[in-house]
Number of protein chains: 2
Amino acid sequence: MTCTPTHLASQIQEHGFRLTRQRLAILNILYDSGGHLTPTEVFQRLHVLLPGVTEPTVYRNLDFLRQHGFIHATSTPSGRLEYQIVTHSHHHLTCKICGATIEFEDEHLQPLFARLEEMTGYHLSEHHVTFMGFCPQCKSKGE
Amino acid sequence: MTCTPTHLASQIQEHGFRLTRQRLAILNILYDSGGHLTPTEVFQRLHVLLPGVTEPTVYRNLDFLRQHGFIHATSTPSGRLEYQIVTHSHHHLTCKICGATIEFEDEHLQPLFARLEEMTGYHLSEHHVTFMGFCPQCKSKGE
DNA sequence: GTCCTTATTGTAACTTGTTGCAATAAGAAA
DNA sequence: TTTCTTATTGCAACAAGTTACAATAAGGAC
Ligand SMILES: [Mn+2]
Ligand SMILES: [Mn+2]
Ligand SMILES: [Zn+2]
Ligand SMILES: [Zn+2]
């Protein structure tokens, strides 16, 4: 799976979507960051590259790219979205107290997904889930 | 597990927190609804009961009640939070296309949680997770 | 009941996210 | 290259959510 901005850009065009300067810049920003970015963080960096750009363009493009599978979103504990170019399928475990986040491989979720699909008839499409808990350091402090 | 507003109210006081009219009214609203409510929905209903109440009070109390385990929150696909008084431990499966949501019992998630806890040293505290996918009706239409 | 302490509230200003619509520019066609 | 179509953008106004701080009221002591 190649997930460079260049590769994603041609995917976008192959699907018949327009490759705007804004869209390409957002892909570059996400790629360079390597991790998760909030829409505000994307906007701040994008504003440097393309001074005229506005917030609605950022929100609309992040949602557009996510809807078509070019990037992934995950919910934070506070109910916001963060975006990322996912190169290896993974999920997250975040400490409710200190925020420490670790990743775990998608394969660990597959048995559960298989069972849920069998039970419910749904097709599970989630590839970037965040679970909440307490890290080893904070475990003693609270429930 | 008794989860009536009256019972939750005494729990709040037993923990040394103050039982304000606003706090009690929010519990009643969530209890009467029976399902998930957004902060805005809670505010609209609360405003009828206690005309002077403001949005920050709603957001602060929903977060307060959640933090101390009196109510539960779950993330929607659009990255917002919804709140509920959870009487039986359950999770959700939501269709990305039509929004159809079904519940499944907590016990199905326990084997995964046990394995993650063992692998990572984290203590998983999540009791109200929403997974995304495609319902049987919408399954054919998109990935 | 009155008094006291301070957790909780309302206010005002702010940040973050969304929507309708006219102006623009991506990409196809000539 | 120039022209054409329309997806995408910027703009303006709005909705949702957060914060600092002074005013209020919950609940314990008397
Ligand atoms: Mn990730
Ligand atoms: Mn629920
Ligand atoms: Zn921690
Ligand atoms: Zn559906």
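Proteins get letters first, then strands, A, B, ... in listed order; numbering begins at 1 in each.
- Straight-line distance from the CD1 atom of B:I26 to the P atom of C:dT8: 12 Å, rounded to whole Å.
- A:E103 and A:H88 form a side-chain donor-acceptor contact under 3.5 Å, judged by distance and modelled atom types alone.
- Under 3.5 Å, the side chain of B:R60 and the base of D:dG17 form no donor-acceptor pair of N or O atoms.
- Not a single side-chain hydrogen bond (donor to acceptor under 3.5 Å, both in side chains) links A:Q13 to another residue, sequence neighbours left out.
- DNA chain C is contacted by A:P39, A:T40, A:P56 of residues 27-57 of chain A, taking any non-hydrogen atom closer than 4.0 Å.
- Rounded to an integer number of Å, the gap from B:D63 CG to C:dT8 P is 13 Å.
- When ring centroids are compared, A:F131 and B:F113 come within the 6.0 Å threshold.
- For C:dG17, the OP1/OP2 oxygens have a side-chain nitrogen or oxygen of A:Y59 closer than 4.0 Å.
- Cation-pi geometry between A:R66 and A:Y83 is not met at under 6.0 angstrom from the ring centre and within 45 degrees of the axis.
- Under a hydrophobic-cluster definition in which Ile, Leu, Val, Met, Phe, Trp and Tyr are linked whenever side-chain heavy atoms come within less than 4.5 Å, directly or via other members, B:I12 and B:V86 are assigned to different clusters.
- Taking five base pairs at each end of the helix from C:dG1-D:dC30 to C:dA30-D:dT1, the local helix axes there meet at an angle of 30°, rounded to 10°.
- As a whole-Å value, the separation of A:F64 CZ from C:dT18 C1' is 19 Å.
- More than 12 heavy atoms of other residues, nucleotides or ligands lie within 6.0 Å of CD in B:E14, so this atom counts as buried by the packing criterion.
- Between A:F43 and A:Y59, the ring centre distance reaches or exceeds 6.0 Å.
- We find that CD1 of A:I12 is positioned 10 Å from P of D:dT8, with the value rounded to whole Å.
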For this session: Using a 4.0 Å cut-off on protein heavy atoms (strictly under), produce a 5'-to-3' string for nucleotides 25-30 of chain C with B for base contact, S for backbone-only sugar-phosphate contact, and - for none.
Result: BBS---

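- Applying the side-chain hydrogen bond (donor to acceptor under 3.5 Å, both in side chains) test to A:S10 and every residue at least two apart in sequence or in another chain returns nothing.
- Residues meeting the ring pair (Phe, Tyr, Trp, His ring centres under 6.0 Å) test with A:H36, sequence neighbours left out: A:H92, A:H128.
- The nearest whole Å value for the distance from the CG atom in A:L62 to the P atom in D:dT9 is 11 Å.
- Residue B:L24 contributes atom CG, which lies 13 Å from atom C1' of D:dA26 at whole-angstrom precision.
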For this session: Would you please test A:H68 and A:F17 for ring pair (Phe, Tyr, Trp, His ring centres under 6.0 Å) and show each step?
Result: CA-CA 10 Å; A:H68 296 91; A:F17 303 119; 4.4 Å; yes

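- Other residues, nucleotides and ligands contribute at most 12 non-hydrogen atoms within 6.0 Å of the OH atom of B:Y31.
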